[in-house]
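Quick one: structure below, then a few questions.
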Amino acid sequence: MLRALMTAASFLALSAAAAAETTLLSGGHVIDVERGTVLKDHDILIEDGRIKAVGRAGTLGASGATAVAMQGAYLLPGLSDSHVHLTSRSDIHGYRRLTVSTARAAISGVANAEKTLRAGFTTVRNLGAPGFADVDLKSAIDSGEVPGPRIIPAGQSIGITGGHCDSNLMPYESRETGGGVADGPWAVRQKVRENKKFGAEVIKFCGTGGVLSKGTTIGAQQFTLEEMKALVEEAHELGLKVAVHAHGAKGIASAIEAGVDSIEHSSLITDESLKAAIKKGIFLSMDIYVSDFILGEGEAAGILPESLEKEKIVGKAQRERFQAAVKAGAKMAFGTDAGVYTHGMNGRQFAYMVEWGMTPADAIRAATIGNAELFGLKTDIGSLTAGKRADIIAVTGNPLTDVRELEDVDFVMKDGAVFVNELAE
Ligand code: ARG
């Protein structure tokens, strides 16, 4: 078995080589994610980190190209996750999080970025990190210092005093406040501007209480409609999309009215809000795997008892609303909240999405072309099409038949550079 385990130095050398070289991925079955079909025995030609052509095996005339045998594996566009926290660890929850410095979180981020990439996820939205650690992590990855996915960083999540995006664990004397806390329309606009200034490429805010925060209520809206409108208007004016954390029905409805781009969790979304989201083209990013982790391993990881109680209600309801959303034809993203559970297991959510009403093709679409649309990156990623970035993964069995193939990815290429190749025996 050949394993491309790379040090930072060889990664740099390889990315430089990949940029100059032409590569031919030969003898694979290429999945057309938009149609949900398989192009049997096809080759992919890659030049300067982008897909040059996709064609029948042996027809691309790739003389001089470095050939990589795909051994009859199924090729897909690199997967993406619309909701991760690379700087968070799944074994450090609740009060344990107070012991983690921003620098220490960034170091975890380096390890978690590599795990995520090796799992086949070549692009992620990082929806919240302390001290803009995700912006720095992105910079280290983009410069070739460390391996990892393409990151769309949110920096500090914006939220009300005492809300889900605040830090509520310490008593009054410590004056502990989350970096993204703001109250009032102008304060909220200022936070958006600050996030943009320090490198955020998407704005994340908390529009309701949450499961893992102390003292917040799932159903309670956070921020007034006026504040949400100001936030969204400011972000859009600056060219940034907006992702709202929202579980409860009222907060979801207000966020839709304010014009957000994606609703994270969407747990208790009503039929009426489903219709409104569909009408406005708003994506639902529903993390329906994570509940199993929280209820199974959360207590040992330090998750607060009150959070476990909230999860018992939210987890089940969210899966039912996911099913309703799929039936209604809502735009579905693939977002998992990795970081709450263990990084690199993002692919586990596919089977849950299929169990709760999607076809494997739908679930794969969500994680590829769907997310690409949500990220505003449709011309660059999301399908194996000439001109797009060569972010390509492969699995040995057909994921359109068994989506669990995506839990263990055998080949990973990002921007034309190979990071994993377990296909060659
Ligand atoms: N970060 C989210 C929160 O604390 C996690 C929610 C997880 N539960 C779920 N059923 N999706 O609210």
Side-chain angles (χ1 to χ4, degrees), residues 81-90 92-97 124-130 134 154 156-160 162-169 178 180 204-223 243-249 251-252 255 262-269 284-299 301-325 332-343 345-346 348-349 352-353 355-356 366:
D81 192 325
S82 58
H83 191 139
V84 303
H85 299 277
L86 289 173
T87 57
S88 299
R89 269 172 52 169
S90 62
I92 302 183
H93 278 287
Y95 281 91
R96 291 181 201 172
R97 292 230 161 151
V124 299
R125 271 199 325 187
N126 199 75
L127 293 187
D134 52 354
Q156 309 191 119
S157 301
I158 301 175
I160 65 166
H164 181 68
C165 287
D166 195 359
S167 173
N168 309 322
L169 293 166
K204 151 87 177 285
F205 82 90
C206 286
T208 70
V211 172
L212 300 176
S213 51
K214 187 177 166 217
T216 71
T217 310
I218 292 299
Q221 176 170 325
Q222 298 187 350
F223 283 131
V244 63
H245 156 105
H247 290 287
I252 290 172
S262 70
I263 302 165
E264 307 304 310
H265 313 301
S266 312
S267 310
L268 306 174
I269 189 166
L284 307 185
S285 172
M286 301 181 75
D287 51 341
I288 62 169
Y289 161 66
V290 71
S291 193
D292 282 14
F293 176 89
I294 294 175
L295 295 177
E297 297 172 53
E299 193 180 349
I303 290 181
L304 305 173
E306 66 170 270
S307 297
L308 298 173
E309 288 312 309
K310 287 192 263 187
E311 184 57 47
K312 282 180 197 156
I313 298 160
V314 169
K316 191 169 173 286
Q318 186 189 30
R319 289 173 184 178
E320 287 163 9
R321 294 318 293 161
F322 174 89
Q323 196 166 43
M332 304 302 282
F334 182 96
T336 69
D337 218 353
V340 171
Y341 71 92
T342 313
H343 291 282
M345 293 183 173
N346 316 55
R348 286 198 183 184
Q349 189 169 285
Y352 287 70
M353 291 168 90
E355 188 187 333
W356 289 89

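Order of appearance sets the numbers: ligands from 1, and atoms from 1 within every ligand. Predicted model only: the values in this text are computed from it and were never measured.
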Closer than 4.0 Å to some heavy atom of His164 - which atoms of ligand 1 meet that?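 Counting from 1, the qualifying ligand atoms are 3 (C), 4 (O), 12 (O).
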Ile218 versus Gly210, closest heavy-atom pair with distance: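 Closest approach of Ile218 to Gly210, heavy atoms only: CD1-C, 3.4 Å.
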By number and element, which atoms of ligand 1 are closer than 4.0 Å to a non-hydrogen atom of Gly210?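 The atoms of ligand 1 under 4.0 Å from a heavy atom of Gly210 are 12 (O).
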Would Gln318 count as a polar contact of ligand 1, with the cut-off being nitrogen or oxygen pairs under 3.5 Å?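 Among all N and O atoms of Gln318, at least one is under 3.5 Å from an N or O of ligand 1.
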Qualifying residue, where the test is side-chain hydrogen bond (donor to acceptor under 3.5 Å, both in side chains) with Glu320 and the options are Lys316, Gln318, Gln323: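 So the option named by the test is Lys316.
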Could you check whether any side-chain heavy atom of Arg319 comes within less than 4.5 Å of a side-chain heavy atom of Glu355, counting everything from C-beta outward?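 Counting from C-beta outward, Arg319 and Glu355 never come under 4.5 Å.
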Looking at non-hydrogen atoms alone, which of Glu311, Glu264, Met286 comes nearest to atom 7 (C) of ligand 1?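 Selected option, by shortest heavy-atom distance: Glu311.
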With a cut-off of 4.0 Å, which atoms of ligand 1 are near a heavy atom of Val290?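 Taking each heavy atom of Val290 in turn, ligand 1 has 7 (C), 8 (N), 9 (C), 11 (N) under 4.0 Å.
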Do Asp81 and Gln349 touch side chain to side chain, with heavy atoms closer than 4.5 Å?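 They are not in contact (no side-chain heavy atoms under 4.5 Å apart), so the answer is no.
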Closest non-hydrogen protein atom to atom 1 (N) of ligand 1, residue and atom name please, with distance?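 Among all protein heavy atoms, the one nearest atom 1 (N) of ligand 1 is Asp337 OD2, 2.9 Å.
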Can you find an N/O atom of Ser213 closer than 3.5 Å to an N/O atom of ligand 1?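 The answer is no, given that Ser213 and ligand 1 share no N or O pair closer than 3.5 Å.
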Nearest non-hydrogen protein atom, atom 3 (C) of ligand 1: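 For atom 3 (C) of ligand 1, the nearest protein heavy atom is Val211 N, 3.4 Å.
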Would a 4.5 Å heavy-atom cut-off, applied to side chains only, mark His83 and Asp287 as touching?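 No, side chains not in contact.
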Quick check for you: to the nearest 0.5 Å, what is the distance between Ser157 atom OG and His245 atom NE2?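 NE2 of His245 is found 9.5 Å from OG of Ser157.
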Test of proximity, His245 against ligand 1: N or O pairs below 3.5 Å: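 For ligand 1, there is no N or O atom that lies under 3.5 Å from one belonging to His245.
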Taking atom 4 (O) of ligand 1 as the reference point, the nearest protein heavy atom with its distance: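 It is Leu212 N, 2.9 Å.
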So is there a nitrogen or oxygen of Val314 less than 3.5 Å from a nitrogen or oxygen in ligand 1?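 N/O-N/O distance under 3.5 Å: no.
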Within a strict 4.5 Å, meaning less than it, do heavy atoms of the Tyr341 and Glu297 side chains meet?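 A side-chain contact is absent here, since even the closest heavy-atom pair is not under 4.5 Å.
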Residue pair Ser285 / Ser82, side-chain donor-acceptor N/O under 3.5 Å: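 Yes, Ser82 and Ser285 have a side-chain donor paired with an acceptor closer than 3.5 Å.
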Measuring from non-hydrogen atoms of Ile288 to any atom of ligand 1, is the shortest distance under 4.0 Å?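 Checking ligand 1 against Ile288, which is what was asked, there is no heavy-atom contact under 4.0 Å.
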Above 12 or not: heavy atoms from other molecules or residues under 6.0 Å from CD of Glu306?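 Check passes, neighbour count above 12.
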Quick check on His247 - does any of its heavy atoms sit under 4.0 Å from an atom of ligand 1?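 Yes, that is the case, since the closest heavy atom of the residue is under 4.0 Å from the ligand.
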